[in-house]
Protein chains: 2
Amino acid sequence: MPKDTKALNSTPLSLIARPLVTVDIAIFTVKNEKLQVLLVKRPNNEQEHFTEKWALPGGFLDIDIDKDLNSCALRKLKEKTNVNSPYLEQVGAWGSKDRAPTEWSITHVYFALLNSDKVILQKGGNAAEVAWFPLIDNQVKKQLAFDHNELLDLATQRLHAKVEYTSLPAYLLPDEFTLPDLQKVYEIVLNRPLDKSSFRTRILSTNLIAPIPNKMRPATHRPAQLYRLTNPDTLTYFPRSFKYNEKALKS
Amino acid sequence: MPKDTKALNSTPLSLIARPLVTVDIAIFTVKNEKLQVLLVKRPNNEQEHFTEKWALPGGFLDIDIDKDLNSCALRKLKEKTNVNSPYLEQVGAWGSKDRAPTEWSITHVYFALLNSDKVILQKGGNAAEVAWFPLIDNQVKKQLAFDHNELLDLATQRLHAKVEYTSLPAYLLPDEFTLPDLQKVYEIVLNRPLDKSSFRTRILSTNLIAPIPNKMRPATHRPAQLYRLTNPDTLTYFPRSFKYNEKALKS
DNA sequence: CTAATAGTGTCTGTCAGACACTATGGC
DNA sequence: GCCATAGTGTCTGACAGACACTATTAG
């Protein structure tokens, strides 16, 4: 009899051996004109693995507290940053017999984007220290606990891929920002300069952002129009190829 | 003390309550010129939920057999189809307190693409029946067990999105196929016609496929060149916007 | 006035879609 | 020859990048 039928033949569910289940989050921000990620330092505790190593914030799912996986990620994010509503996206699940030292374990990797001004770093809980680390060549120059270097790579790859065709970098800015501000965060995340004219055309051709009437950012030069997100909860996707073709559809 | 620190203060890992962990797979194929998905019928067993309902193939992770999540998905896929190496991709994890009737549970959703000729449907295990169901308006016209309609939607959305800019549909074909064959599966999955000329240009501008020298498909009309995948294990991505700009980089 | 940055206009090359055309087999 | 489908060529419109230009503030 195949093993996975056991539950369907009334073996009590409680007898099925279960893996450890965790959530880890790559929290990104732009600070000092660099893309940075939040890491926590594991405590000095003889009974723990990877003691005093830096790691992605995260930990065990608590089925008594968390109503779903996203809530679990938000809870952990809030514990470290005191931020309630970042942009949050699941990257995927990684589980195997030997990714953690002792047991079959699965981690659910998320990434979050937030404006660093809104963050109040909090050690609390199981974190001896909490700090931002810049990404250099898309990596953090540090050996992290467990397989967290790989997990961070995966989150970074996802971020990079999506920045090319979405409005993701807008979540790195404060609520009110100018178009040059927005271009700047795109350039920082993409690590390459963009043309001002085409950037503006592209952004303004969607309804991603709306100007705040009569509100400019004052400066010692020409002031810039301030904008805010039209719909902060919706990610905007810029068009891509295999264009939809109305005419061909009719035939 | 925050709850999630318990493991880090030497509470035995075995005492942390763990959710149920499952894997479900949307197995897609093209059959009779339609995109179809494989479903299994749950057995008639008074002690089970959703008895005799159709569902996505899947079930409990078995930490004694499965070395990682992907292996678990492949095992379940092989049990139902006897196929060893389909295209397989994780869509994501969905877990919550109440998505399953009794317990906090997490499922890891995968989708697979395969050529239906390679499949030998097998009931075995916990499946009373196994069958292909066409997707109509991207849905299967049937109420599935648990939250499987939603899971299937998610897999279908992912498939659709990626078909627009990748070589995914190639995995729905046999090893040798013609360019019109390939165009046809794209059209079936996308549910819209494509222009022959631009389709060919697009495909041939990559090294996705290579012609098989002197091998044509005979027909009562002009024969078509047969091709095969250059690298069957690598998904090809077609280019998209925010084009890389060499000149701007230097400045 | 100048400096500095915001914001616009114009040109041009590229490329995808539309669609007409040619090619090649069976009959 | 005809039919059917494979495969190519040509035109055109859209659009993104390059880059020059104008606009608006402080001082």
Side-chain angles (χ1 to χ4, degrees), chain A residues 33 163-166 173 176-187 190 192-206 208-227 237-251, chain B residues 33 163-167 173 176-187 190 192-206 208-227 236-251:
Chain A
E33 311 221 324
V163 166
E164 296 282 346
Y165 59 95
T166 69
L173 291 170
E176 302 188 352
F177 54 87
T178 68
L179 269 168
D181 289 343
L182 185 58
Q183 184 174 345
K184 188 84 202 189
V185 285
Y186 268 92
E187 291 176 339
L190 290 172
R192 69 174 194 262
L194 298 174
D195 180 77
K196 180 170 51 163
S197 176
S198 42
F199 180 81
R200 296 173 72 93
T201 310
R202 183 187 186 111
I203 299 294
L204 294 174
S205 73
T206 67
L208 170 63
I209 56 176
I212 307 169
N214 299 106
K215 194 151 180 197
M216 312 291 267
R217 162 159 321 149
T220 79
H221 45 74
R222 179 171 177 173
Q225 174 65 53
L226 280 164
Y227 291 83
Y237 287 76
F238 302 119
R240 37 169 124 138
S241 25
F242 267 153
K243 265 192 176 174
Y244 189 83
N245 172 2
E246 268 188 35
K247 214 168 174 185
L249 244 194
K250 289 171 195 156
S251 67
Chain B
E33 311 221 326
V163 166
E164 296 282 347
Y165 60 96
T166 69
S167 61
L173 291 170
E176 302 188 351
F177 54 87
T178 67
L179 269 169
D181 290 343
L182 185 58
Q183 184 175 343
K184 188 84 202 186
V185 286
Y186 268 92
E187 290 176 340
L190 290 172
R192 69 173 192 263
L194 297 174
D195 180 77
K196 181 170 51 163
S197 176
S198 41
F199 180 80
R200 297 173 72 93
T201 309
R202 184 187 184 112
I203 299 294
L204 294 174
S205 73
T206 68
L208 171 62
I209 58 176
I212 307 169
N214 298 107
K215 195 151 179 198
M216 312 290 267
R217 162 158 325 147
T220 80
H221 46 73
R222 179 171 176 176
Q225 174 65 52
L226 280 164
Y227 291 83
T236 297
Y237 287 76
F238 303 118
R240 37 170 126 140
S241 27
F242 268 153
K243 264 191 174 174
Y244 189 83
N245 172 0
E246 268 189 37
K247 212 166 172 187
L249 243 193
K250 290 171 195 156
S251 67

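Comparing atom distances between the K196(B) side chain and each of dC19(D), dA16(D), dA6(D) picks out dA6(D) as nearest.
One interatomic measurement links the two molecules: CZ of R192(A) to P of dA18(D), which rounds to 11 Å at whole-angstrom precision. Look at CD on Q225(B): it is 18 Å from P on dA23(C), rounded to the nearest Å. In this structure, the CD1 atom of I209(A) is 10 Å from the P atom of dG7(C), given to the nearest Å. Rounded to whole angstrom, the span from the CG atom of L179(A) across to the P atom of dA23(D) amounts to 19 Å. One atom, CD of E187(A), and another, P of dT5(C), lie 14 Å apart when rounded to the nearest Å. R200(A) places its CZ atom 17 Å from the P atom of dT10(C), with the value rounded to the nearest Å. Regarding F238(A), its CZ atom lies at a distance of 15 Å from the C1' atom of dC15(D), rounded to whole Å. One atom, CD of Q183(B), and another, C1' of dT5(D), lie 12 Å apart when rounded to the nearest Å.
Legend: residues meeting salt bridge (Lys or Arg N to Asp or Glu O under 4.0 Å) with R222(B), ordered by chain and number and at least two apart, are absent. Under the side-chain hydrogen bond (donor to acceptor under 3.5 Å, both in side chains) criterion, E176(A) pairs with K215(A), R228(A), sequence neighbours left out. In this structure S167(B) satisfies the side-chain hydrogen bond (donor to acceptor under 3.5 Å, both in side chains) test with no other residue, sequence neighbours excluded. The side-chain hydrogen bond (donor to acceptor under 3.5 Å, both in side chains) check on T236(B) picks up nothing, with sequence neighbours excluded. P211(A) is linked by a side-chain contact (heavy atoms from CB on, under 4.5 Å) to Q225(A), Y227(A), counting only residues two or more places apart in sequence or in another chain.
No side-chain heavy atom of D195(B) sits less than 4.5 Å from a side-chain heavy atom of F199(B).
Near DNA chain C, defined here as any heavy-atom distance below 4.0 Å, the residues from residues 215-224 of chain A are H221(A), R222(A), P223(A), A224(A), listed numerically.
Between K184(B) atom NZ and E33(B) atom CD the span is 4.0 Å, to the nearest 0.5 Å.
The base of dG9(C) sits with one of its N or O atoms less than 3.5 Å from a complementary donor or acceptor on the side chain of S197(A).
For the OP1/OP2 pair of dG17(D) and a distance below 4.0 Å, the side-chain nitrogens and oxygens of S198(A) include at least one atom meeting the criterion.
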